[in-house]
Amino acid sequence: MSTGKIEQISVVGAGILGHSIAQRFASEGFNVNLYDSSKVNLLKAKNNIFNNLISLSKSNLLKSTPTSIFKKINFFEGLSRAVADSNLVIEAVTEDLELKKIVLQQIESAVCDECIIASNSSSIIPSEYNSELKIKSRVLGTHFFNPPHLLPLVELIYSHCTSNYVKSEMESLFTNMGMHPIVVYKESPGFIGNRLQFALLKEAISIVQEGISTPQDIDIVVKYGFGRRLSIMGPFEVFDYGGWDTIEAVYPNIIGDPVPQEILEKVSQGKLGVKTGEGFYKWDPINLNKKQKLINDVYTYLEKKVSKQ
Ligand SMILES: NC(=O)c1ccc[n+]([C@@H]2O[C@H](COP(=O)([O-])OP(=O)(O)OC[C@H]3O[C@@H](n4cnc5c(N)ncnc54)[C@H](O)[C@@H]3O)[C@@H](O)[C@H]2O)c1
Ligand SMILES: O=C(O)[C@@H](O)[C@@H](O)[C@H](O)[C@@H](O)CO
């Protein structure tokens with residue numbers, strides 16, 4: 001359980017992600033200091049947060065008024081003052097390892113020894129950016145997805161030095177915020193989400209390079225096809241619905257590699273997915289009906305909202 005010691009949070013880097021991370025924490029009632037080395041970007045962040053909050057004021061997403069949330073955020077033009085009294089600092093500067101190392105050292109020299117330091121890097125593992133830091137046990141990766149004020153997932157990436165106290169505090173923090181913290185079991189560049197996303201991006205670019213399609217049509221295939229499913233099902237749920245026997249037959253024709261052992265085992269055990277009541281998940285009539293209602297609701301909503309664009 002969280003000790004509730006995280007009260008003052010600072011975000012260093014107020015760009016696309018940093019401003020939205022600050023907004024997420026302020027919306028959850030935390031006092032947030034936001035700093036950027038660029039005054040222009042800090043001002044942009046201030047305007048973006050204010051406009052975001054106003055645009056969300058009619059939704060039921062805000063737990064308080066836009067003004068009261070906005071007042072929880074202090075905008076700083078100096079790093080040391082911004083992070084000085086923090087219990088948690090999240091670094092969200094440009095994706096550059098050497099820059100991150102410098103900034104993390106600047107943060108470390110300005111905070112107390114107990115302050116937790118996290119990086120929002122999209123791909124770099126903690127063991128790389130913590131290499132010059134004195135206290136590595138309080139360092140981890142917190143990888144948010146754009147925009148964090150709307151997307152509830154955060155990947156937690158630990159080095160072998162990250163302490164159990166920090167792990168527990170951070171997992172409780174995000175759980176108590178109603179987010180979905182997912183612990184990445186091993187340090188791997190890109191963690192989970194970006195390994196998946198960049199595999200998709202690599203394939204999409206290959207399809208363009210081979211003259212098979214265009215970026216625009218590829219986006220349509222994703223948006224109006226399997227992308228809709230991914231808003232409420234992950235790949236293992238999707239293929240539980242599709243049937244692992246069919247996947248076994250299709251896989252070599254597309255991928256060219258032998259069928260992975262994990263799929264062969266499911267088929268040999270008769271665990272074909274929804275069609276046999278179990279695949280990677282168990283499918284009883286009750287959770288099947290719940291899932292089917294969600295599918296109907298979300299797909300019809302998206303058809304109304306998105307397809308008309
Ligand atoms: N863009 C995304 O979709 C996304 C999603 C998740 C994670 N990330 C990661 O978050 C981090 C930030 O990415 P972004 O997209 O917000 O980039 P960005 O370019 O929008 O913002 C980076 C900010 O860092 C500031 N900055 C640069 N050097 C600094 C310094 N020394 N001190 C203080 N501020 C400094 C810049 O002025 C800029 O405002 C990167 O590590 C990125 O990989 C990005
Ligand atoms: O999708 C996201 O928001 C994150 O996975 C990011 O980390 C993103 O992939 C960036 O790298 C590039 O925009």
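FYI, the numbering just counts along the sequence from 1. For clarity, every value in this text was computed on a predicted model and none was experimentally measured.
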Quick one: are [X] and [Y] in side-chain contact, heavy atoms under 4.5 Å?
X: Ile232; Y: Tyr299; value: yes
X: Leu272; Y: Val267; value: yes
X: Tyr301; Y: Asn296; value: no
X: Glu114; Y: Asn87; value: no
X: Lys290; Y: Leu294; value: no
X: Leu153; Y: Met179; value: no
X: His19; Y: Asn52; value: yes
X: Ile218; Y: Val208; value: yes

Given 3.5 Å as the limit, does a donor-acceptor pair link the side chain of [X] with the main chain of [Y], or not?
X: Lys266; Y: Gly279; result: yes
X: Ser68; Y: Ser64; result: no
X: Ser159; Y: Pro126; result: no
X: Asn41; Y: Gly15; result: no
X: Asn33; Y: Gln8; result: no
X: Ser137; Y: Cys161; result: no
X: Ser268; Y: Glu265; result: yes
X: Ser172; Y: Glu169; result: no
X: Asp36; Y: Ala14; result: yes
X: Asn51; Y: Asn47; result: yes

With rounding to the nearest 0.5 Å, note down the distance linking [atom1] in [X] to [atom2] in [Y].
X: Leu53; Y: Thr65; atom1: CG; atom2: OG1; answer: 9.0 Å
X: Ile116; Y: Lys167; atom1: CD1; atom2: NZ; answer: 13.0 Å
X: Leu34; Y: Ser10; atom1: CG; atom2: OG; answer: 9.0 Å
X: Ile125; Y: Ser119; atom1: CD1; atom2: OG; answer: 12.0 Å
X: Lys72; Y: Asn31; atom1: NZ; atom2: CG; answer: 4.0 Å
X: Asn130; Y: Ile135; atom1: CG; atom2: CD1; answer: 12.0 Å

Identify the two heavy atoms, one from [X] and one from [Y], that lie closest to each other, and give their separation to 0.1 Å.
X: Ala22; Y: Ile73; answer: O-CD1, 4.1 Å
X: Val32; Y: Ala26; answer: CG2-N, 3.7 Å
X: Pro152; Y: Gly178; answer: CB-O, 4.4 Å

side-chain contact (heavy atoms from CB on, under 4.5 Å) with [X]: which residues, sequence neighbours excluded?
X: Glu28; answer: Arg24, Phe30, Lys63, Met177
X: Gln216; answer: Thr214
X: Ser80; answer: Ala110
X: Ile54; answer: Phe50, Pro66

Under 4.5 Å between side-chain heavy atoms, chaining through other members, with only Ile, Leu, Val, Met, Phe, Trp and Tyr counted: pull out the rest of the cluster around Leu79, sorted by chain and number. Val12, Tyr35, Phe76, Val83, Val89, Val93, Leu97, Leu99, Val103, Leu104, Ile107, Val111, Ile117, Ile124, Tyr129, Leu133, Val139

Whichever hydrophobic residues join Phe198 through chains of side-chain contacts under 4.5 Å: Leu201, Ile205

Can you tell me how the ring of Phe144 sits relative to the ring of Phe174, calling it parallel under 30°, perpendicular over 60° and tilted otherwise? perpendicular

Sorted by chain and number, sequence neighbours left out, ring-ring contact (aromatic ring centres under 6.0 Å, His included) with His143 holds for Phe145, Phe191

Trace of the side chain to side chain donor-acceptor pair (under 3.5 Å) decision for Gln292 with Asn289: CA-CA 5 Å; Gln292 195 54 54; Asn289 286 337; over 6 Å; no

Salt bridge Asp297-Lys293, side-chain N to carboxylate O under 4.0 Å: yes

Between Arg228 and Glu303, does at least one N-O distance fall below 4.0 Å, as a salt bridge requires? yes

Under the side-chain contact (heavy atoms from CB on, under 4.5 Å) rule, what do Asn287 and Tyr281 come out as? Steps first, then yes or no, please. CA-CA 11 Å; Asn287 67 16; Tyr281 297 87; over 6 Å; no

Please indicate whether Leu61 has more than 12 foreign heavy atoms, meaning atoms of other residues, nucleotides or ligands, lying under 6.0 Å from its CG. yes

Pairs touching [range] that satisfy salt bridge (Lys or Arg N to Asp or Glu O under 4.0 Å), sequence neighbours left out:
range: residues 188-213; result: none
range: residues 252-263; result: none
range: residues 135-158; result: Glu108-Arg138

Show your working on side-chain contact (heavy atoms from CB on, under 4.5 Å) between Leu302 and Ser231 and close with a plain yes or no. CA-CA 10 Å; Leu302 288 172; Ser231 66; 4.1 Å; yes

Checking side-chain contact (heavy atoms from CB on, under 4.5 Å) for the pair Ile247/Ile263: CA distance, chi angles, key distance, verdict? CA-CA 8 Å; Ile247 309 309; Ile263 298 177; 4.1 Å; yes

Pairs where residues 236-252 contributes a residue and the test side-chain hydrogen bond (donor to acceptor under 3.5 Å, both in side chains) is met, not counting sequence neighbours: Glu237-Lys291, Asp240-Trp244, Asp240-Trp283, Asp245-Lys275

Please report the C-alpha distance between Tyr158 and Glu187 in whole Å, then the side-chain angles of each, then the deciding distance to 0.1 Å, and finally whether the side-chain contact (heavy atoms from CB on, under 4.5 Å) criterion is met. CA-CA 7 Å; Tyr158 306 136; Glu187 288 187 293; over 6 Å; no

Those residues that, when tested against Lys44, pass side-chain hydrogen bond (donor to acceptor under 3.5 Å, both in side chains) (two or more places apart): none

